[in-house]
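As structure tokens, the structure follows; a few thoughts come after it.
These numbers come from a predicted model, not from an experiment.
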Amino acid sequence: MLILISDAFDASLTTRLAAFGEVTTDKNRLGEAAIVLVRSKTKCTKEYIDQAPALKLIIRGGVGIDNIDKAYAESKGIIVRNTPKSSAIAVAELAFALMLSTPNNLVTYHNGMKNGEWLKNVKRTELNGKTLCLFGIGNIASRVAERAKAFGMTVVAFDKYVASSPLAEMKTTAELAVENADYISLHLPLTDETTGMVNKALISHCKKTPVVINTGRALCVDAEDMVSALADGSVAWYCTDVYPSDPPSPDYPILKAEHVTLTPHVGANSNENLLRIGDEAFAIIEELKNGGKI
């Protein structure tokens, strides 16, 4: 059985997976592979899957399977799995770091110091007492909520598929959720319902000028509307780790906007998380192999 590791995982995973068969990182051997491990870079489209006649299992290391044509894979008898719990801490910590960086003016202060400026007149604000609105209340958002509560924040959330949470006051609509938000953090899969969800119409329901943090999916935010909201002050700041493509096209509007903090899709890229992803991938293969499914 050939296992193809198609994207970047912890280096130790190659040795660990050798317990199940031959392991390669040579993408030219896709046609021989029974198992393919991907993260975000590899797109498992219909065309990709058709190049892999021996394929039995695709594992996506991380949350979501947006880059896999799951329906087509399963129509070919291919099992599709991901590792939804592994990335929760890493992504939540990045989301919270971005949320902390804005009121503490870390980018402004740093750039000022490098330019010989002493910006004591630029005041900080605190997270304590502020309201955080979460879109989604899954594994990652729940970790963000825990950290927000530790900082003395009020946490509200909107998730169409979750009625209650011990970590947040659930709101029945997105509009009600953002109404009093100082911070909005996005943790949504990309679906027809969530595409462009954060747009001019939704922002108009904000009574404050929130900071928006996106470590979920780029296309859940209407980029043109966000640029306009940043320009007119409807949104105070936009922090994002996610883009329509990796890397984003040079003409992606957010790249040229003012009042943004950008990171290069590194939410899941902690050393500890890569090890956890490897643990989950190993466990998936072991479970399916022992069950005679691969």
Heavy-atom closest contact (Ala281 atom, Thr83 atom, distance)
N-CG2, 4.2 Å

Any side-chain donor near an acceptor of the partner, Asp7 and Thr42, under 3.5 Å
yes

Approximate separation, where rounding is to 0.5 Å, of Ile184 CD1 and Cys133 SG
5.5 Å

Considering all heavy atoms of both residues, which atom of Met170 and which atom of Ser164 are nearest to each other, and what is their separation?
CG-CA, 3.6 Å

Going from CD1 on Ile49 to CD on Gln51, what distance comes out if it is rounded to the nearest 0.5 angstrom?
10.5 Å

Least distance between heavy atoms, Gly62 atom then Ile277 atom
N-CD1, 4.4 Å

Atom NZ of residue position Lys200 - does it have more than 12 heavy atoms of other residues, nucleotides or ligands inside 6.0 Å?
no

Are more than 12 heavy atoms from other residues, nucleotides or ligands located less than 6.0 Å from atom CG of Asn271?
no

Can you tell whether the side chains of Glu169 and Lys171 come within less than 4.0 Å, N to carboxylate O?
yes

Start with the C-alpha distance between Asp26 and Thr24, add both sets of side-chain angles, then the distance that settles side-chain hydrogen bond (donor to acceptor under 3.5 Å, both in side chains), and finish with yes or no.
CA-CA 5 Å; Asp26 183 356; Thr24 183; 5.0 Å; no

Check the pair Leu94 / Val91 against side-chain contact (heavy atoms from CB on, under 4.5 Å), numbers first and verdict last.
CA-CA 5 Å; Leu94 178 64; Val91 179; 5.7 Å; no

How long is the gap from CG on Leu119 to NE2 on His110, to the nearest 0.5 Å?
12.0 Å

In terms of relative ring orientation, are Phe282 and Phe20 parallel, tilted or perpendicular, with 30° and 60° separating the classes?
tilted

State whether Asp246 and Lys41 are salt-bridged, where the test is any N-O pair (Lys NZ or Arg NE/NH1/NH2 against Asp/Glu carboxylate O) under 4.0 Å.
no

Main chain of Tyr72, side chain of Asp69: is a donor-acceptor contact present, judged purely on distance under 3.5 Å?
yes

Would you find more than 12 non-hydrogen atoms of other residues, nucleotides or ligands less than 6.0 Å from Lys149 atom NZ?
yes

For the pair Arg124 and Asn104, evaluate side-chain hydrogen bond (donor to acceptor under 3.5 Å, both in side chains) and give the outcome as yes or no after the intermediate values.
CA-CA 5 Å; Arg124 299 165 49 238; Asn104 284 291; 2.7 Å; yes

Is the number of heavy atoms from other residues, nucleotides or ligands within 6.0 Å of CD (Glu146) greater than 12?
yes

Shortest non-hydrogen pair, Ser6 vs Val36, comes out as CB-CG1, 4.2 Å

Backbone N/O of Ala268 and side chain of Asn273: donor-acceptor pair under 3.5 Å
yes

Minimal heavy-atom distance between Gly61 and Arg39, with the atoms involved, is O-CG, 3.7 Å

State whether the number of non-hydrogen atoms from other residues, nucleotides or ligands found under 6.0 Å of Lys85 atom NZ is greater than 12.
no

Spacing of OG belonging to Ser75 relative to NZ belonging to Lys46, to within rounding of 0.5 Å
9.0 Å

Charged N-O contact under 4.0 Å between Arg16 and Asp279
yes

Are there over 12 heavy-atom neighbours, none belonging to Lys70, within less than 6.0 Å of that residue's NZ?
no

Which Ile, Leu, Val, Met, Phe, Trp or Tyr residues join Tyr161 in one cluster when any pair of side-chain heavy atoms under 4.5 Å counts as a link?
none

For Ala201, does its backbone N or O pair with a side-chain atom of Ser204 as donor and acceptor, under 3.5 Å?
yes

Could you check whether Glu32 pairs with Arg29 (Lys NZ or Arg NE/NH1/NH2 to Asp/Glu carboxylate O, under 4.0 Å)?
yes

To the nearest 0.5 Å, what is the distance between CD1 (Ile285) and CZ (Arg81)?
10.5 Å

Distance check, rounded to the nearest 0.5 Å: Asp182 atom CG versus Lys208 atom NZ?
3.5 Å

Where do Asp241 and Gly267 come nearest, in terms of heavy atoms and distance?
OD2-N, 2.8 Å

Within a 6.0 Å radius of atom CG on Asn121, are there more than 12 heavy atoms belonging to other residues, nucleotides or ligands?
yes

